[in-house]
Amino acid sequence: MRASDIVKRRWALVPLLLILAAFILSMLCIFAGSKRGYLEEANLFTVNTSMLGRTTLDASKSSSSILKSIKNTIQKDVNEVVSDVAKTLNIHDFYSAHILDYCEGYYTPTPVANLTSQPSKNITHCSNQTSFFHFDPGAVIQSELKPGVNLTDLSWPSAIEDGVHAVEGATDVMFVLYFIGAASTGAALTAALVGVRDVWRYSAITCLVLSSLAFGSLLLASSIATILIGKVVKAINEHGNDIGVYAYKGETFIGMTWAATLLVLVTGFMYSYEFLRERRGLGKSGGDFE
Ligand SMILES: *[C@@H]1O[C@H](CO)[C@@H](O)[C@H](O)[C@H]1NC(C)=O
Ligand SMILES: *[C@@H]1O[C@H](CO)[C@@H](O)[C@H](O)[C@H]1NC(C)=O
Ligand SMILES: *[C@@H]1O[C@H](CO)[C@@H](O)[C@H](O)[C@H]1NC(C)=O
């Protein structure tokens, strides 16, 4: 083998590694949050409900004895500073949305940071992963609330539900685009692997076509995800802060999905360069097979 061939092969590894990284990132984006919060940080957004009802239950005029006893517990808690209203209501401190499921759990040691300790997430349960999943925090919380307590007792605003339902169509489109994006990235990776071993001369053009398709889908998927996360988080904070509900964007997820998109773009450029170079080579001297 000539020295130039060895150099060529070394270079062929660069786009291969980039597309491999893009493939892993896009798979992690899709499957994050499975099995008890594996890669929980890569959530779309988190809803903090640890203080849900703390203010609204006080004002609630309901005469139900369950509500009264919860109210008493909460008031006692407030005096002791440390309080976990969510546990009193039988719900969780936080709920985090992923593409295929949601996870829930408690902040440890407490939901509120103090000088010496920062709360960290302790996941207790994740729902089954399903395609075309829609996360509806109101419905999940209602299903967990202590018998006798209703979302309306907590003044849960319908505007949150409206905000969540408004993005369901976009969520489905996003799911399909992530699926196409990850699948074509995986196919490009396979073509690139074949290309490195030099057994197939159409590798560069195949990789170019597949990585263009992957780039298009991931670009759209990432844009939709970013907009959708912004909208839901804004709706929850706008209407939920008054009743003690806070939402946070999943910055890790946003970083990962855009990193995957960028990697696929760079790989696409490398394959188009490779393709042009191959064509020139073929025209001039009969190609690499002399
Ligand atoms: C959760 O929300 C409460 C306010 O309702 C806030 O005091 C607390 O710091 C938040 N916890 C985390 C971990 O974000
Ligand atoms: C902070 O919280 C931890 C855990 O609840 C507790 O042990 C510690 O005493 C608290 N520190 C202060 C300064 O309140
Ligand atoms: C997390 O939760 C589990 C069960 O709910 C508990 O056994 C474990 O001690 C918790 N971890 C921390 C760090 O609090």
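Remember, it's 1-based here, ligands and their atoms both numbered in the order they're listed.
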Heavy-atom protein contact below 4.0 Å for atom 1 (C) of ligand 3
yes

What is the distance from atom CG of N237 to atom NZ of K234, rounded to the nearest 0.5 Å?
10.5 Å

So, regarding Y246 and ligand 1 (criterion: nitrogen or oxygen to nitrogen or oxygen, under 3.5 Å), is there a contact or not?
no

Which atoms of ligand 3 sit under 4.0 Å from any heavy atom of T124?
5 (O)

Can an N or O of Y248 be found at a distance shorter than 3.5 Å from an N or O of ligand 1?
yes

Would you kindly confirm whether V264 and L20 end up in one hydrophobic cluster when ILVMFWY residues are joined by side chain heavy atoms under 4.5 Å apart?
yes

Separation between CG (L52) and CG (L89), nearest 0.5 Å, reads 6.0 Å

Can you see whether K121 engages T46 through a side-chain donor-acceptor pair at a distance of less than 3.5 angstrom?
yes

Have T261 and S222 got a donor and an acceptor in their side chains that come within less than 3.5 Å?
yes

Where ligand 1 meets G244 - atom numbers and elements under 4.0 angstrom, heavy-atom basis
5 (O)

Residue, atom and distance of the protein heavy atom nearest atom 11 (N) of ligand 3 read N122 ND2, 2.7 Å

Give me the nearest non-hydrogen protein atom to atom 7 (O) of ligand 1 as residue plus atom name, then the distance to 0.1 Å.
V112 CG2, 3.9 Å

Does the protein put a heavy atom less than 4.0 Å from atom 9 (O) of ligand 3?
no

Does any N or O atom in P111 lie less than 3.5 angstrom from one in ligand 1, N or O only?
yes

Verify the distance criterion only: is there a donor paired with an acceptor across the side chains of T152 and N150 at less than 3.5 Å?
no

Interfacing atoms of ligand 1 (cut-off 4.0 Å, heavy-atom, P119):
13 (C)

Answer whether the closest heavy-atom distance between the side chains of V232 and L44 falls below 4.5 Å.
no

List ligand 1 atoms under 4.0 Å from S50, heavy atoms only on the residue side.
1 (C), 2 (O)

Can you tell me if T124 and N122 form a side-chain donor-acceptor pair at under 3.5 Å?
no

Output the list of atoms in ligand 3 that are nearer than 4.0 Å to some heavy atom of T108, sorted by atom number.
12 (C), 14 (O)

Would you say S212 and Y271 are linked by a side-chain donor-acceptor pair, where the criterion is simply a distance under 3.5 Å?
no

Considering non-hydrogen atoms of the protein only, which is the closest contact for atom 6 (C) of ligand 1, and what is the distance?
N48 ND2, 4.2 Å

